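See structure below.
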Number of protein chains: 2
Amino acid sequence: MPKAEDKSKVAERSPEIEIFKEYIRRKGLRFTPEREIIVREIFEIDDHFDVDELYLRLRNKGKKLSKASIYRTLPLLIDCGLIQEVYHEDGHMHYEHVYGHEPHAHVRCLECRKVEEFTDNRIKEIEEHISREFGYRITALRFELLGYCPDCLKKQYRS
Amino acid sequence: MPKAEDKSKVAERSPEIEIFKEYIRRKGLRFTPEREIIVREIFEIDDHFDVDELYLRLRNKGKKLSKASIYRTLPLLIDCGLIQEVYHEDGHMHYEHVYGHEPHAHVRCLECRKVEEFTDNRIKEIEEHISREFGYRITALRFELLGYCPDCLKKQYRS
DNA sequence: ATTATAGTTGAATTTCTTTAACAATTACTA
DNA sequence: TAGTAATTGTTAAAGAAATTCAACTATAAT
């Protein structure tokens, strides 16, 4: 199975960086050390993050770069399909990995702010249906369910 | 059918206001003229709006109240399930009616920013499935598909 | 009706996220 | 290696939303 072997080799070399580099090259932009640091850090984070978290992680590792660079790099990563914006109820933007992840939904508790993820084949079905029906090319998808988690429901009834 | 008649009478008296009043009463808050003006205006708007639009409409009608009051009233309307936040790609929050509307999804074109709405029974199915599976009480739902509309796709291939 | 209590208002201010301007620097190309 | 055009950090600015506070007022209790 030479094909599978190739695939795993590529995966070990962090395909995200390769995708980003290719995107940068195609757009005639530059692969700077700052951008590399940002991208590598993002893909060391477990899926979800926001600008502040990313910035602090980098500072704690002694990497000094400005938030402006982060704000300038994120749109590039979105544009090449590696990450996407996720709206959170706390006033600022959050992001999540897209590459290598199936479309999924978030369930958020409005009381304790906990977020759970789940997948459902119907999400993809709906996406495909819309693509066909409306003639769109869908590049990203956000599905959020807001409500109250079992724990918080119990607490509400207790009081 | 006295029951149906009652229902339609209530509906004519703008059920949104009644729901809001009941919510206000239950919470021990006050039904002030400002709140009434804001709620009535919101339900004269056709579904979607943002704070600025609402504020300008009220000013143009000679109603003088502060944006602070609007910002303070919106969470109440969200909390009692009459409206919900809708994220728009233009940096600030938008809102839409929930009462009397079926759960639906938005498809947004990233090029021309056009937004289309569609419904799909599977959305409700997924919601119900999550309610059962995770034990949540779901109060709101956001489903957004991002991509490129047929028109903009054509333009892209043309150039 | 009067008073007391506590919620509410408007105006201005503050906070916080994100974007923009600009001069200095640096990655890429030929 | 020189030339160019993109990129960087800093600082300032923009913009949305939250907050502060004194004045006001709806509501309930007396």
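What you see is a predicted model; the values in this text were computed from it and never measured. In what follows, every chain begins at residue 1, and chains take the letters A, B, ... in the order their sequences are listed.
- Ring centroid separation for the pair A:His94 and A:Phe49 does not come in under the 6.0 Å cut-off.
- Using a 4.0 Å cut-off between charged side-chain N and carboxylate O, B:Lys61 and B:Glu41 make a salt bridge.
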Between the protein and nucleotides 19-27 of chain C, are there any N/O to N/O pairs under 3.5 Å, and if so, what are the atom names and distances?
{"residue": "C:dA27", "atom": "N3", "partner": "A:Arg30", "partner atom": "NH1", "Å": "3.2"}

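- Considering A:Lys67, A:Arg57, A:His92 in turn, A:Lys67 is the only one that fulfils the side chain to side chain donor-acceptor pair (under 3.5 Å) rule with A:Asp52.
- Nucleotide C:dT18 holds its P atom 9 Å from the CG atom of A:Leu74, rounded to whole Å.
- Using a cut-off of 4.0 Å between Lys/Arg side-chain N and Asp/Glu carboxylate O, B:Lys27 and B:Asp79 are scored as salt-bridged.
- Counting to the nearest Å, the C1' atom of C:dT9 and the CG atom of B:Leu29 are 14 Å from each other.
- Between B:Lys27 atom NZ and C:dT8 atom P the separation is 12 Å, expressed in whole Å.
- Side-chain proximity of A:Glu34 to C:dT9, D:dT8, C:dT8: nearest is D:dT8.
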- Query: Where do A:Tyr136 and B:Glu116 land on the side-chain hydrogen bond (donor to acceptor under 3.5 Å, both in side chains) test, with the steps shown first?
  - Reply: CA-CA 11 Å; A:Tyr136 273 71; B:Glu116 301 192 64; 2.9 Å; yes

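- A salt bridge between B:Arg132 and B:Glu128 is absent, with no side-chain N of the basic residue lying under 4.0 Å from a carboxylate O of the acidic one.
- B:His106 and B:Glu96 share a side-chain donor-acceptor pair at under 3.5 Å.
- A salt bridge links A:Glu102 and A:Lys124; the closest N-O separation between the charged side-chain nitrogens and carboxylate oxygens is under 4.0 Å.
- Remark: nothing in residues 91-98 of chain A comes within less than 4.0 Å of DNA chain D through any heavy atom.
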